[in-house]
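Values in this document were obtained by computation on a predicted structure and should not be read as measured data.
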Amino acid sequence: MIRIVDVINTAASAREILLDRVRPLHRPPAIENWIVCSAGDDVDHVRAAGVPVAVIDTPRGLEPIALARGAWRLTRFFRSLEPDLVHTHSSVPGALGRVAARAAGVPLVVHTVHGFHFHQRSRLPSKLYSLATERALAPLTDMLLMQNREDLRIVRRWRGVRARLIGNGIDVQRFVRVARPHAGPGRVVACIARFEAVKNHHDLLRVFARVHAACPQARLRLIGDGPLRPQCERAAAELGIAAAVEFVGYRKDVAALLTDVDVAVLLSWKEGIPRGLLEPMAAHIPVVAWRVKGTREVVRSGESGLLAPPGDLEQTTAHIVRLLEDPALRRRLGAAAAERVRTHFNESVVVARLAQVYASLLRDAGYGPPTDWETHEERAVLSA
C-alpha cells in the first residue's frame with residue numbers, strides 16, 4: 001500500500017481546497033490518501049465522502065509554544081501512520097508539516113505554495129522574512145508546487161530546489177449549472193473572500209459606496225467569514241451603505257448564492273490562483289479585480305474581465321458601474337470567462353498534474369508506479 005497524507009490548516013480548507021483533489025487519488029487498499037486538519041464542522045463532510053481525516057490542530061499564528069505543540073503532534077501521527085509521502089499546504093501547516101515529516105522519517109515531502117505571503121506593497125523586511133523562511137524549508141522538500149508562474153520564477157532562481165507549476169482549479173460543472181443570461185441593468189455585486197487584511201474588504205466597501213451612489217439599485221453580497229468581519233460591518237455603517245450590503249458569512253452553497261449575481265469583485269493585494277474569481281467566472285459572471293500576482297494570470301482584462309491598477313478606487317468603481325449598466329458587455333465577458341476557466345482551471349487537470357508528480361517521485365524513490373488512479377485524465381497523464 002502507498003499512503004499519502006495532505007496537511008492543511010482548517011477543516012473548511014480541507015473541504016473546499018483538498019476534497020475534490022484527494023478523492024480521486026484515494027483508492028484503498030492500494031492507495032490511501034489522508035487529510036490532516038484542525039477540528040471543524042467540515043470534518044464529518046470529508047469523512048462522509050470516503051476520505052480518512054485526522055484532526056490535529058495547527059496554530060494560525062506564530063506563538064512558539066503552540067507551534068512546538070503542533071509540530072510534536074504531527075510528528076507522533078506520522079510515526080504512527082508511517083506515510084510514504086506527506087503533502088503540506090499553507091504557511092504554518094507547511095512549515096510544521098515538513099519539519100515533522102522529516103523528523104518522523106517520511107520518505108517523500110511535497111509542499112504547495114498557495115501564493116507567497118507578500119505583495120508589491122509589503123514592507124521589505126516582511127518580504128525578506130517570507131522568502132527566507134521558504135528558502136530555509138526548501139531542503140526539507142522533495143518538490144515545491146506553485147500555483148502561479150510569478151512565484152515559480154522566484155523559486156527557480158534557488159539552487160538545488162525542485163519546483164513545478166501545479167496551478168489551481170475548481171469543479172467547473174458545479175458552477176456552470178447556475179449560469180444565467182444577463183439582461184437589463186445589473187443589481188447584485190458579489191465578493192467571495194475570507195475577511196482578512198490581504199483580501200482588502202476595506203477598499204472594496206469604499207468602492208461600493210461610490211458604485212451605490214451611481215447605481216442606487218446595486219447591492220453587495222459578501223460571502224465568507226473571518227476576523228475582520230466585525231470591522232467591515234462597522235465600516236459599511238459608517239459609509240452609509242449598511243442597508244445595501246449583505247454579510248452572508250461562510251457558506252457551503254456558494255454556487256447557489258451566485259444565481260442572481262451580475263458582477264463579481266476581488267480586490268486582494270495578492271493571490272495564488274484565486275478561487276474567488278474562478279467560481280463566478282465559471283458561472284458566466286464577469287469579474288472586476290486588481291492587477292496583482294495570481295489574479296492577472298486568471299483574468300485577461302477586456303477579454304474575460306476587467307482589471308484595475310491596485311489601489312485605483314476610481315477606475316475600479318468605473319469598471320463595476322460600466323458592467324452594471326451594460327448587459328451586452330456582461331454577456332460577452334462572462335462567456336469568455338467561463339471558457340477560460342473551463343480550458344485552463346479545471347480541477348480534473350490539477351488532479352492529473354498532481355498524479356504525475358506523485359508517480360514520478362514515488363518511482364524515483366523505488367516504489368512501483370501507482371496503477372489504481374481511475375479517472376481518464378490521470379490515466380492519460382500517467383501513461384504519457
Side-chain angles (χ1 to χ4, degrees), residues 5-14 17-18 34-43 53-83 85-119 121-147 151 154-155 158 160-161 163 194-199 225-231 250 268-270 272:
V5 177
D6 280 83
V7 181
I8 201 163
N9 45 17
T10 67
S13 295
I17 297 173
L18 292 185
W34 287 66
I35 294 177
V36 172
C37 63
S38 297
D41 294 340
D42 289 294
V43 168
V53 178
V55 174
I56 300 175
D57 289 332
T58 55
R60 296 188 71 91
L62 299 176
E63 201 277 315
I65 295 177
L67 292 173
R69 186 183 299 119
W72 172 239
R73 288 172 176 168
L74 286 170
T75 302
R76 286 194 304 173
F77 174 72
F78 293 150
R79 285 175 176 165
S80 172
L81 190 68
E82 297 183 342
L85 185 153
V86 165
H87 184 170
T88 62
H89 306 261
S90 307
S91 296
V92 175
L96 298 185
R98 281 180 280 178
V99 170
R102 288 311 187 196
V106 175
L108 295 167
V109 178
V110 176
H111 176 65
T112 293
V113 177
H114 295 258
F116 282 129
H117 278 258
F118 57 84
H119 48 80
R121 293 200 175 189
S122 295
R123 294 179 179 177
L124 183 60
S126 174
K127 179 178 180 179
L128 292 176
Y129 175 77
S130 178
L131 285 174
T133 300
E134 191 55 58
R135 187 69 183 89
L137 290 166
L140 305 179
T141 315
D142 293 286
M143 180 69 72
L144 278 173
L145 301 178
M146 318 304 292
Q147 287 198 336
D151 285 339
I154 292 173
V155 171
W158 299 349
V161 175
R194 178 175 166 80
F195 285 87
E196 54 189 5
V198 72
K199 299 298 184 181
D225 216 332
L228 296 184
R229 176 175 171 176
Q231 179 180 319
Y250 168 68
S268 301
W269 289 110
K270 66 94 185 174

**Q** Quick check for you: to the nearest 0.5 Å, what is the distance between Arg79 atom CZ and Leu74 atom CG?
**A**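 These two atoms lie 12.0 Å from each other.
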**Q** Can a donor-acceptor pair be found, under 3.5 Å and without considering hydrogens, that links the side chain of Thr75 to the backbone of Ala103?
**A**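 No; judged by distance alone, with no hydrogens or angles, the pair does not exist.
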**Q** To the nearest 0.5 Å, what is the distance between OG1 on Thr88 and CG on Asn9?
**A**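 Between atom OG1 of Thr88 and atom CG of Asn9 there are 11.5 Å.
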**Q** Measure the CG-CG distance between Leu85 and Leu108 for me, rounded to the nearest 0.5 Å.
**A**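 One finds 5.0 Å between CG of Leu85 and CG of Leu108.
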**Q** About how many Å separate CG of Leu96 and CZ of Arg73, when rounded to the nearest 0.5 Å?
**A**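 Here the interatomic distance stands at 11.5 Å.
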**Q** Roughly how far, to the nearest 0.5 Å, is the CD1 atom of Ile56 from the CH2 atom of Trp72?
**A**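 These two atoms lie 12.0 Å from each other.
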**Q** Please check this pair: side chain of Glu63 against backbone of Ile65, looking for a donor-acceptor N/O pair closer than 3.5 Å.
**A**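 Present.
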**Q** With sequence neighbours left out, what residues match Arg229 under salt bridge (Lys or Arg N to Asp or Glu O under 4.0 Å)?
**A**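 With neighbours one apart ignored, the set is Asp225, Glu233.
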**Q** I'd like to know if Arg102 and Asp142 make a salt bridge, using a cut-off of under 4.0 Å between side-chain N and carboxylate O.
**A**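 Between Asp142 and Arg102 there is a salt bridge, with a charged N closer than 4.0 Å to a carboxylate O.
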**Q** Checking His111 now: which residues fulfil ring-ring contact (aromatic ring centres under 6.0 Å, His included) with it, not counting sequence neighbours?
**A**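 For His111 there are no ring-ring contact (aromatic ring centres under 6.0 Å, His included) partners, ignoring immediate neighbours.
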**Q** Do Lys270 side-chain atoms and Gly115 backbone N/O form a donor-acceptor pair below 3.5 Å?
**A**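 Side chain of Lys270 to backbone of Gly115: a pair is present.
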**Q** Has Asp57 got a side-chain atom pairing as donor or acceptor with Ala39's backbone, closer than 3.5 angstrom?
**A**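 Checking the backbone N and O of Ala39 against the side chain of Asp57, a donor-acceptor pair under 3.5 Å is found.
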**Q** Donor-acceptor pair, Arg98 side chain versus Gly94 backbone, under 3.5 Å?
**A**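 Indeed, once roles are kept as given, a pair shorter than 3.5 Å links the two residues.
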**Q** Ser13 side chain to Ile8 main-chain N or O, any donor-acceptor pair under 3.5 Å?
**A**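 Not confirmed, Ser13 side chain does not pair with Ile8 backbone.
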**Q** Any side-chain donor-acceptor pair under 3.5 Å between Tyr250 and Asp42?
**A**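 Yes.
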**Q** Hydrogens and angles aside, do His114 and Ser90 bring a side-chain donor and acceptor to less than 3.5 Å of each other?
**A**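 The criterion, which ignores hydrogens and geometry beyond distance, is not satisfied for Ser90 and His114.
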